[in-house]
Amino acid sequence: MESEHRVALEDDPSLEIRSHSISRSSMGSPASAVARSESAALARLAQRVADMGITRPEVLRVVPAYHAFQRCGAAFRSSTRDELYHMSVASEEIPCFWSHSWHGGHRKKVLTLLTIYNGPAAIACGFLAALSMMALFSYGQLPGIQRDRREPEKLSSTWSLCAGISVAMLSFLFWRPQKKVFFDRICINETDVDLKYDAILSLAGMLKRSSEMLVLWDSSWSERLWCLFELAAFLKSKRNSKQVLTIRPTFLGPCSVCAFLGMSLAFLPVTTFPAQRYSLPAIFLCVFGTLSICGCSMAFRGYFRSVERLKEQLQSVKLEQTRSLCCDTNHRDAEGRQVICDREILKECVALWFGSTEAFEETVRRDVAELVASELDRVFNRRWSIAVSMPMFWALMDCSATHWKTQDLPRAVAWFVGGLSLWILSAPIFIDYFIYLTYLFRHQNPSSRVRDWGQNLAVLLLTLPALLGLLGVFFLVRLFPPKPLLRGGLYVAVMLTLATTHQVVKWLRNGRGRCGSVGCGSCLGKTGPWSMEVPSEAGSTGSTA
């Protein structure tokens, strides 16, 4: 989030603090007098911000998270001219402070926030809907479709998968999370100049009163001056207390939605294709899986390259090299008046908090860079894999319901338990392995597109055997032993063995040392990436406070 957009997102997106702008040419004052006056004004403003106070109670405001999603995320579009301030309410504290760059894609940010806030509810509602449809079909309350011409009286269920997908997507789009957040576009008045000014001066105070800081990271976030200032203020304000710094890439939202829909489409043939032609779903899965793996390989490789660039940026971070709108406009407002540089004000604040700007930069390099980068490396964890692969289980719930309706209870139980194991145990192993491969082949050869496609092909060739192996075990076990319950038990035993082996391998890999990268194994398989506690000593270097 950046101050230039806090001050004015509509007609005048400049960063000047209007009531404190200084014109060097005003009243013919000597240059030395103007310089002294400007220096004194900068010092006063910096001290006022560094005190982390609230200028007046009404500037500390929050808004229910769902307001930011309304009208397809209109609040995130800088072209929106609607006044949204009335949606926010005054508060004594901020449960979650959203930090983001206004130079990132607004659609990605909206999808990522929907994934964070609505995703769990969508998955839960979809699962309940699928389970309800399974029960209703099993007891003859819902019609079915004829998939096997050899048994025309046998009707098959497609209700669990279709209902689960439909309810999950509707919940994803229309769920109304009530968690209170600070979102600059809504919580800062865009028409009252005095309230804008007071809100900017109170920014550090708002962060001090925030329990959590959610960073919506994209490649522009670490390049913006005000984003780094928010990080500095949050570290300073929480130095002696437990704090939660949560970092989510804006890549998370589009990736999650595409993975969920792709999994839904991949398993739709399991419940709709003719039952006597088992090869058709297999062929469809292979073709669709191949195309999906190629597309996902390019996306994840690009993501890991951007994380590496972030590491490099944070390791060489300098406030002087960050960008700010006031500097981009040569410190002139829309009417051509010269204004105070916000960079100078923020540098003074950081120096007051950390002793010097160099001390803050060293803190970012030493304490923050690894935490931020490793957090981004571990976003796509087992929990995420289970969520996006749930349509797989819904499809096999339909297979179970079909057998249940014909009173073939052993087969029904075997399909249900087998589907549960495939979803909980097999899918995370495959997704984990695929993400690991995309990290290993993340490097791009800009001089040869053929070589770059060759790396995608390498990921595909190494991934397909794993996919075919996991699915092959699922169907192979069904050939023997003769009793369905024994087949189901055998498959669960095989998957438990495979999952345990996979976890042991990750533990052994983690024991080699932590470097903060997915590829070394220290990030894959770690638990707890959904929130990160920053050590209380972070930011203590060089502090005089």
Side-chain angles (χ1 to χ4, degrees), residues 1-2 5 63-78 80 95-123 168-186 210 212-224 227 230-231 244-263 295-296 299-300 302-307 309-310 372-381 383-388 390 431 435 529-532:
M1 169 185 351
E2 297 168 85
H5 288 273
V63 61
Y66 74 88
H67 280 304
F69 313 145
Q70 292 179 334
R71 294 166 53 199
C72 300
F76 280 94
R77 296 196 292 269
S78 58
T80 299
C96 184
F97 185 101
W98 287 355
S99 176
H100 66 105
S101 166
W102 281 97
H103 293 261
H106 71 274
R107 295 182 183 87
K108 291 183 179 181
K109 286 186 283 190
V110 172
L111 285 176
T112 298
L113 288 170
L114 285 172
T115 300
I116 295 171
Y117 288 96
N118 290 7
I123 293 298
M169 293 308 300
L170 289 173
S171 301
F172 182 82
L173 294 174
F174 299 109
W175 191 263
R176 295 163 66 95
Q178 298 298 317
K179 182 172 182 177
K180 301 298 190 295
V181 302
F182 176 87
F183 175 37
D184 54 347
R185 181 63 178 84
I186 297 178
S210 300
E212 177 186 4
M213 180 175 175
L214 172 62
V215 175
L216 296 175
W217 177 82
D218 57 52
S219 58
S220 67
W221 184 87
S222 55
E223 300 174 353
R224 307 306 300 182
C227 292
E230 289 169 354
L231 177 63
V244 177
L245 174 61
T246 305
I247 304 173
R248 293 292 174 267
T250 55
F251 175 71
L252 173 64
C255 179
S256 300
V257 172
C258 291
F260 180 85
L261 293 178
M263 193 70 70
C296 292
F300 272 98
Y303 169 71
F304 286 123
R305 287 195 298 270
S306 66
V307 172
R309 287 194 295 270
L310 171 65
V372 172
S374 62
E375 175 81 345
L376 291 172
D377 282 339
R378 301 198 307 266
V379 167
F380 301 99
N381 59 356
R383 193 174 179 180
W384 178 83
S385 301
I386 290 175
V388 299
M390 183 167 277
I431 295 175
I435 293 177
W530 297 86
S531 64
M532 176 176 66

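Values in this document were obtained by computation on a predicted structure and should not be read as measured data.
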Can you sort out the partners of His106 under side-chain hydrogen bond (donor to acceptor under 3.5 Å, both in side chains), two or more places apart, ordered by chain and number? none
In a check of side chain to side chain contact (heavy atoms under 4.5 Å, CB included) between Trp217 and each of Thr250, Leu310, Val379, which one passes? Leu310
When you measure from the side chain of Glu212 to the backbone N and O of Ser210, does any donor-acceptor pair fall under 3.5 Å? no
With side chain to side chain contact (heavy atoms under 4.5 Å, CB included) as the test, would you mind laying out the steps for Thr115 and Arg248 before giving the verdict? CA-CA 10 Å; Thr115 300; Arg248 293 292 174 267; over 6 Å; no
Qualifying salt bridge (Lys or Arg N to Asp or Glu O under 4.0 Å) pairs, either residue in residues 98-123, two or more places apart: none
Report yes if some heavy atom in the side chain of His67 is under 4.5 Å from a heavy atom in the side chain of Arg185; otherwise report no. no
Closest non-hydrogen atom pair, Ala168 against Ala122: O-CB, 3.2 Å
What are the two closest heavy atoms between Cys72 and Arg77, and how far apart are they? O-NH1, 3.3 Å
Less than 6.0 angstrom separating the ring centers of Phe183 and Phe76, yes or no? yes
Would you please name every residue forming a ring-ring contact (aromatic ring centres under 6.0 Å, His included) with Tyr303, sequence neighbours left out? Phe251, Phe380
Assess, by modelled atom type and distance only, whether the side chains of Ser256 and Trp384 contain a donor and an acceptor separated by less than 3.5 Å. yes
Here the pair of heavy atoms bringing Leu113 nearest to Leu214 is CD2-CD2, 3.9 Å
Looking at side-chain heavy atoms only, is the closest gap between Asn118 and Phe69 below 4.5 Å? yes
If you compare all heavy atoms of Val181 against all heavy atoms of Ala65, which two are closest, and at what distance to 0.1 Å? CG2-CA, 4.1 Å
Give the C-alpha distance, both sets of side-chain angles, the deciding distance and a yes or no for side chain to side chain contact (heavy atoms under 4.5 Å, CB included) between Leu170 and Phe172. CA-CA 5 Å; Leu170 289 173; Phe172 182 82; over 6 Å; no
Ignoring hydrogens and geometry, is there a side-chain-to-backbone donor-acceptor pair from Thr112 to Gly253 under 3.5 Å? yes
Any non-hydrogen side-chain atom of Val63 less than 4.5 Å from a side-chain atom of Lys180? no
Report the C-alpha separation of Val215 and Leu231 in whole Å, then their side-chain angles, then the decisive distance to 0.1 Å, and conclude whether the side chain to side chain contact (heavy atoms under 4.5 Å, CB included) test is met. CA-CA 9 Å; Val215 175; Leu231 177 63; 5.8 Å; no
Verify whether one side chain among Trp221 and Ser99 offers a donor that lies under 3.5 Å from an acceptor in the other. yes
Any side-chain heavy-atom pair from Cys96 and Tyr117 closer than 4.5 angstrom? yes
